[in-house]
2 protein chains.
Amino acid sequence: MVDSLFEDQASGRSHPMPFTRIELAVLSIVEGNLAVLLGRRSEAPHKGKWALPGGVLRIDLDRDLDAAARRVANERLGVELPYLRQLRAVGGANRDPRAPWALSIAYRALVAIESIDPKAGKRLEALRWFAVDEVTGDTRLAFDHTDLIHAAAEAVRAEIERLELPFGFLPEKLTLGELQTCCEAILGRRLDKSSFRRRLDERRLLVPVPGEMRTGAFRPAQLYRRR
Amino acid sequence: MVDSLFEDQASGRSHPMPFTRIELAVLSIVEGNLAVLLGRRSEAPHKGKWALPGGVLRIDLDRDLDAAARRVANERLGVELPYLRQLRAVGGANRDPRAPWALSIAYRALVAIESIDPKAGKRLEALRWFAVDEVTGDTRLAFDHTDLIHAAAEAVRAEIERLELPFGFLPEKLTLGELQTCCEAILGRRLDKSSFRRRLDERRLLVPVPGEMRTGAFRPAQLYRRR
DNA sequence: TCAAAAGTGTTTGGGTTACACCCATGG
DNA sequence: CCATGGGTGTAACCCAAACACTTTTGA
């Protein structure tokens, strides 16, 4: 392994750069709970442990950080994730035995569970959904991924509280009841139907699709779409 | 310049790593307005332009990202900044002519204006405070620092709205009037005295220091300190 | 005694919760 | 006709804005 060096123009010395990766906190709703997609590592370091899917930043392939995150999503999970959002950067010495100093830029996304093909991905022997709230300090994840998962969950929950709806995750057309159930699953608590709907139409986020109804066991429900 | 390479364990190939820097958005209140500290670059690239102070990440010196930011604050500004908070990472090709791909981890901090020694720092021919709201697209800053400055201002304003007080910035003892004036300067709008104080003591953030009063031109004011 | 800032109380209004209630449908 | 979820209205409540008011000091 050769350390990459850059000239420090003032001192004339060169400095090695950190081993830089992208990590993805892909969240979804599984059985009514907010869940995160983890992969079991098939190689050292942390072989056999569960970890966020991720990959090395490729400066020859990635135009910028967001593009790097999309590429990693494609390679590891076989899925397009247009609604990725940066979570934060973590870096330090001894984070990763592959390098003296490792830096990770973590991204988060909400996805529909059907959109993930569990067979896809290299270097992971298995992919599995874990309920976010059962990933505790006891769950022995690789690296420092436990913190990242909770930060990602906190970020999406804060967005939902503010009624910033995850349109990248929602179906194009849905009923208000489905939307409420989805928000309740993310937040982990019940919402009041009346105030939920009032907040929604004050914000003019959705419009009814004329004539289109979801027909089920009981009274049909109006379908809505974005804007 | 030698690119630093890391082994890609699956493919057997090595990858060059990005040129990685720390940038600091140091904010304060200058003449009643939220202001950011910029340095005039004395060297290429962007020689002569104003930019956020920053420095190269040194994996031989910095234990982690937060430590790197504190070191850069020390070296460039000659000041200890214990209340630095990570803002975000930006990275891409062609961001910085010194390297094919440049990554910056931006930090933000609020500081008391007196704590900055404007003489300090290498590689900057001048340091100057700019009112945040006068840094627009027209102000031709180096790199992509205009965005970072506005994101930093937005972050501190959101904290003040939520009454998360910047104790690293505030004097140990202060009057409620001084605190209100300070918050008004950061937010750029007036606050109601009565509701400001009610919110403060609901949250139990401050306690009066018995007997200690600020005596001035008019009625003396009770001094308060944290918690 | 007046100006200016410290400090307090009261009213109002926006927005949310809680909850009651009607509607439409399949079984 | 009843269970179930869709859909709507209302009263109570919380919080903060607005603003009026009193207090205390130096000049």
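We name chains A, B, ... by the order of the sequence lines, and we start the count at 1 in each one.
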In numerical order, the residues of residues 215-227 of chain B whose heavy atoms come under 4.0 Å of DNA chain D are B:Gly216, B:Ala217, B:Phe218, B:Arg219, B:Pro220
Identify whether the distance between the nearest side-chain nitrogen and carboxylate oxygen of A:Arg225 and A:Glu212 falls below 4.0 Å. no
Would you say the side-chain atoms of B:Gln86 pair up with the backbone N or O of A:Ala89, donor to acceptor, closer than 3.5 Å? yes
Between the side chain of A:His150 and the main-chain N/O of A:Val135, is any donor-acceptor distance below 3.5 Å? yes
Looking only at atom types and distance, does a side-chain atom of B:Arg95 sit under 3.5 Å from a main-chain N or O of B:Ala102, one as donor and one as acceptor? yes
Rounded to the nearest angstrom, tell me the gap between atom CD in B:Glu178 and atom P in C:dA5. 13 Å
Kindly confirm or rule out a cation-pi arrangement of A:Arg85 over A:Tyr83, judged by NZ or CZ under 6.0 Å from the six-membered ring centre and within 45° of its axis? no
Any carboxylate oxygen within less than 4.0 angstrom of a Lys/Arg side-chain nitrogen, looking at A:Asp133 and A:Arg157? yes
Is the closest basic N to carboxylate O distance between B:Arg189 and B:Glu161 below 4.0 Å? yes
Taking the cut-offs as 6.0 angstrom to the six-membered ring centre and 45 degrees off its axis, would you call B:Arg199 and B:Phe196 a cation-pi pair? no
For B:Gly54, does its backbone N or O pair with a side-chain atom of B:Arg76 as donor and acceptor, under 3.5 Å? yes
Find the distance B:Glu212:CD to C:dA6:P and express it as a whole number of Å. 17 Å
Please state how far atom CD in A:Gln180 lies from atom P in D:dT4, giving the value in whole angstrom units. 18 Å
For the helix from C:dT1-D:dA27 to C:dG27-D:dC1, what angle lies between the axis at the first five pairs and the axis at the last five pairs, to 10 degrees? 10°
B:Arg197 CZ to C:dT8 P: how many Å, rounded? 7 Å
Can you list, in residue-number order, the parts of residues 187-195 of chain B that come under 4.0 Å of DNA chain C, counting heavy atoms only? B:Lys193, B:Ser194
If the test is side chain to side chain contact (heavy atoms under 4.5 Å, CB included), which one of A:Leu179, A:Leu191, A:Leu176 qualifies with A:Arg197? A:Leu176
Starting from C1' on C:dT8, measure out to CG on B:Leu200 and report it in whole angstrom. 15 Å
Report the distance from atom CG of B:Leu179 to atom C1' of C:dA6, rounded to the nearest whole Å. 14 Å
Heavy-atom count check: over 12 atoms from other residues, nucleotides or ligands less than 6.0 Å from B:Asp192 CG? yes
What is the nucleic acid contact for A:Arg198, judged by heavy atoms within less than 4.0 Å: base, sugar-phosphate only, or nothing? base
A:Glu202 CD to D:dT8 C1', in whole Å, measures 15 Å
What nucleic acid atoms does B:Arg162 come within less than 4.0 Å of, heavy atoms only: base, sugar-phosphate, or nothing? nothing
Between CG of A:Leu174 and P of D:dG6 the distance, given in whole Å, is 12 Å
